[in-house]
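Below: the structure, in structure tokens.
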Number of protein chains: 2
Amino acid sequence: MADEVRTGVPRRGPTISDVASRAGVDRAVVSRILNDDPRLRIKPSTRERVLAVVAELGYQPNAAARSLRTARTRTIALLVPDFENPAYGQIIKGAETAATKADSALLTASMELGEESFEHYAKQLGNGRVDGLLLAGGGITGTREEHLDRLGPPWLCVNRTGPGKRRYVVLDDERATELAVSHLLELGHTRVAFLSGPADSDTAERRRLGYIAAMEAANLDPGFVAHGDYTADGGAAGMQQILAAKRRHTAVLVANVASAVGALYAARQAGVHVPDDMSVISIHDLSIAAFLDPPLTTVRMSLSGLGARAVDLLLTRPRNEEIREVLEQPIDLIIRESTAPPRR
Amino acid sequence: MADEVRTGVPRRGPTISDVASRAGVDRAVVSRILNDDPRLRIKPSTRERVLAVVAELGYQPNAAARSLRTARTRTIALLVPDFENPAYGQIIKGAETAATKADSALLTASMELGEESFEHYAKQLGNGRVDGLLLAGGGITGTREEHLDRLGPPWLCVNRTGPGKRRYVVLDDERATELAVSHLLELGHTRVAFLSGPADSDTAERRRLGYIAAMEAANLDPGFVAHGDYTADGGAAGMQQILAAKRRHTAVLVANVASAVGALYAARQAGVHVPDDMSVISIHDLSIAAFLDPPLTTVRMSLSGLGARAVDLLLTRPRNEEIREVLEQPIDLIIRESTAPPRR
DNA sequence: GACCTCTGGTCAATCGATTGATCACGGTTC
DNA sequence: GAACCGTGATCAATCGATTGACCAGAGGTC
């Protein structure tokens, strides 16, 4: 048992019986009124009397009792790898809005990749705590999938896919990278490097593929690919590799904004001027991008839209149906000052 | 009633009765074993048999049933104004860790300041959904406090205080600003401006007071105070005001990192070199601070520590006890390259 | 007057776990 | 052989809401 907690006696609010007796009706009547039971035939005056008592007492149906009876919790969980990353903040925001519309609450938790952490959440979320599970971020291997399936609630991966995955929603990262590359090519660049995310990240891989496809479509050789880790630190290290590569590049496509912050820093340290010596463009747009030095050109996709769509899919699709969705949404190029034509 | 949701039949897992009958004991035995009831006297062999069945079936006690019976949910809610702000991310992280240690889950929600939003959460969280409520961010006025009290669960403000508030935990913002100011004074600055947060923000006000106290303690006149809004946009605008002020300043203390990003941008735009023409220091340290141009000197406080402490207080203090705590924790000056002695 | 229908409700089982009260039984004590 | 004790459990009420089944009475129909 956990540490004893002494927050005093938990106070219970008024119950449906309180409302019923005060209004002089059966509990069933109260329940049916509040749930808009279509089979209920009742005098308008009785209905009003009941609603008046509900308002007077401030009655709220007890969530535990309700979900015990109905086997639904009106809560869904969203596991993210890192709350400090504003990109996940956007996903959470969108998910929350959608959950609210569906009259549900959102339970968020951060899941690191460790085994204990996974076990912990499996325990917390098992059996009746949530109606469904959204997994943003990686680490969902085959054995874990089975574990999740045994857990009970339906689940869905957000912005992660993979060969064996049956249920996921992702952004159209390939189209985003193609848009970024074509911007660079239109400016006249031909030697474009790619600063990727972690090697095991699925979004990073999809962005890499989009980059390669776009380069090859233009009959250009793909350039250097450096691996970062989606942090400013990793972005700085990746940029150093690119600057040290045998082949000189005139532009870099960076896989996310945090990495781009690091990449710009490393360029500055190396005395490489952006955009005159080197153009930098990033996938995703965050509010700080406009205030970097120089202001960062980005490709904007709606992460909040992704979060919202994930919730909708989770709540409306049958539990075992396959879901393999690439989100269709506008993808915009936000041109700022970190990209320019290459100096000849 | 909300939109009909058709995620198929909710699946129920094995119940305590399944375990009991399979192990050939009463349900009470299973319950007491799993809850370590000290009054339970039982044969070791029976205990093992029961635990074996629990493991075999993957039994998890149903959360709804348990909390219906015990009137405890082992869930606490944390309301934040903005998930995209990494500072709140840190608070969430700390709160989650502490909640996990107390064997509870953390339900997060973003609350905007609007009235509807408040009503909505009041409804969602009323009556038995959570054991307690943590409110990070503002907007808790007198009438809302009463509303919260009627709601049932105990609540606590995080990083917000105010004259009438009875229950809060805050960081020692005054000490942090004093540390920042004394760093600037030691470098030789005498004309130090303050770039604040929103006018109605309580942390911004405490930081302003700390700044004024520190200036006066050194027998210096406080300088210009510009109001931002804790975003990069607001920070840029604030910096412009400071640069346009009649009095010339040689240093600026900025109330948070997001504002500092904007302030550095505005200085750059105005051709003002940091730190040679103007030193900039910020309260709070975020991972991007080291990669800004120039790398930003900051004062570091542990927001995750704040989140964790808030959870502990909420769970362990009696529901009506006053809590007015200024968190004691190390506050560190992280000297980077945005501060330097003033040019004579 | 027997039968039916409609209105406006009521009754009671049920969801799954917890917990205070109770009990059967073998052994010990006096 | 009656009373008592400790061991190792069991019994049953309870938490609060939901929901299928049922029902009383008024009015209408043949």
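All values below were derived from every heavy atom in this structure, side-chain atoms included, with hydrogens, water molecules and symmetry-related copies excluded. Sequence lines set the chain letters: A, B, ... in the order given, protein chains first and strands last, and positions in each chain run from 1.
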(request) Give the rounded distance in Å between these two atoms: CG of D18(B) and P of dG16(C). (result) 8 Å
(message) In whole Å, I'd like the distance from the CG atom of L34(A) to the C1' atom of dG16(D).
(response) 13 Å
(message) If I take atom CG in residue N35(B) and atom P in nucleotide dG20(C), what distance separates them, rounded to the nearest angstrom?
(response) 12 Å
(request) Remember a base hit wins even if backbone is also touched, and classify V30(A) as base, sugar-phosphate or nothing at under 4.0 Å, heavy atoms. (result) nothing
(message) So S31(B), base contact, sugar-phosphate only, or nothing? Heavy-atom distance under 4.0 Å.
(response) base
(request) Keeping the roles fixed (side chain from R166(B), backbone from N320(B)), state whether a donor-acceptor pair exists under 3.5 Å. (result) yes
(request) Kindly point out which of dT19(C), dG20(C), dG9(C) is positioned nearest to the side chain of R39(B)? (result) dG20(C)
(message) Using a 3.5 Å distance criterion without hydrogens, assess whether the side chain of D131(A) forms a donor-acceptor pair with backbone atoms of I76(A).
(response) no
(message) Output the rounded distance in Å from CG (D37(A)) to P (dG8(C)).
(response) 15 Å
(request) Please report, rounded to the nearest Å, how far the P atom of dA17(D) is from the CZ atom of R129(B). (result) 14 Å
(request) Return the 5'-most residue of the pair A65(B), A28(B) with respect to DNA chain C, ranking by each residue's nearest nucleotide. (result) A65(B)
(message) From CG of L57(A) over to P of dG16(D), roughly how many Å is that when rounded to an integer?
(response) 14 Å
(message) With a 3.5 Å distance limit and no angle check, can you tell me whether R27(B) reaches the backbone of A20(B) through a side-chain donor-acceptor pair?
(response) no
(message) Using a 4.0 Å heavy-atom cut-off, does L68(A) contact any base of the nucleic acid, only the sugar-phosphate backbone, or nothing at all?
(response) base
(message) Counting the atoms with a prime plus P, OP1 and OP2 as sugar-phosphate, which does D26(B) contact under 4.0 Å by heavy atoms, base, sugar-phosphate, or nothing?
(response) base
(request) Map P14(A) and V25(B) onto DNA chain D by nearest heavy atom, then report which one ends up closer to the 5' terminus. (result) V25(B)
(request) Between A64(B) and R49(A), just flag the one whose closest nucleotide in DNA chain C comes earlier from the 5' side. (result) R49(A)
(request) Mind checking T46(A) for me? I need base, sugar-phosphate or nothing, with any heavy atom below 4.0 Å counting as a touch. (result) sugar-phosphate
(message) With a 3.5 Å distance limit and no angle check, can you tell me whether S67(B) reaches the backbone of A63(B) through a side-chain donor-acceptor pair?
(response) yes
(message) Checking the side chain of R32(A) only, and the main-chain atoms of R41(A) only, is there a donor and an acceptor separated by less than 3.5 Å?
(response) no
(message) With a 3.5 Å cut-off and heavy atoms only, can you find an N or O donor on one side and an acceptor on the other between the side chain of R32(B) and the base of dT10(D)?
(response) yes
(request) Using a heavy-atom cut-off of under 4.0 Å over every strand shown, decide if R27(B) touches base, sugar-phosphate, or nothing. (result) base
(message) Roughly what angle, to 10°, lies between the helix axis at the start of the helix from dG1(C)-dC30(D) to dC30(C)-dG1(D) and the one at its end, five pairs per end?
(response) 70°
(request) Select one nucleotide: of dA9(D), dT18(D), dA17(C), the one nearest the side-chain heavy atoms of R66(B). (result) dA17(C)
(message) Treating N35(B) as the side-chain partner and D37(B) as the backbone partner, does any N or O pair qualify as donor plus acceptor under 3.5 Å?
(response) no
(request) Respond yes when some side-chain nitrogen or oxygen of Y59(A) is under 4.0 Å from OP1 or OP2 of dA17(D), and no when none is. (result) yes
(request) Ignoring hydrogens and angles, tell me if any N or O in the side chain of T75(B) forms a donor-acceptor pair with the backbone of A105(B) under 3.5 Å. (result) no
(message) What is the separation between atom CD on E48(B) and atom P on dG8(D), rounded to the nearest whole Å?
(response) 14 Å
(message) So R41(A), base contact, sugar-phosphate only, or nothing? Heavy-atom distance under 4.0 Å.
(response) base
(request) Check whether any side-chain heavy atom of L135(B) sits under 4.5 Å from a side-chain heavy atom of W155(B), and report yes or no. (result) yes
(request) From the options dA13(C), dT14(D), dT10(D), select the nucleotide whose nearest atom is closest to the side chain of R69(A). (result) dA13(C)
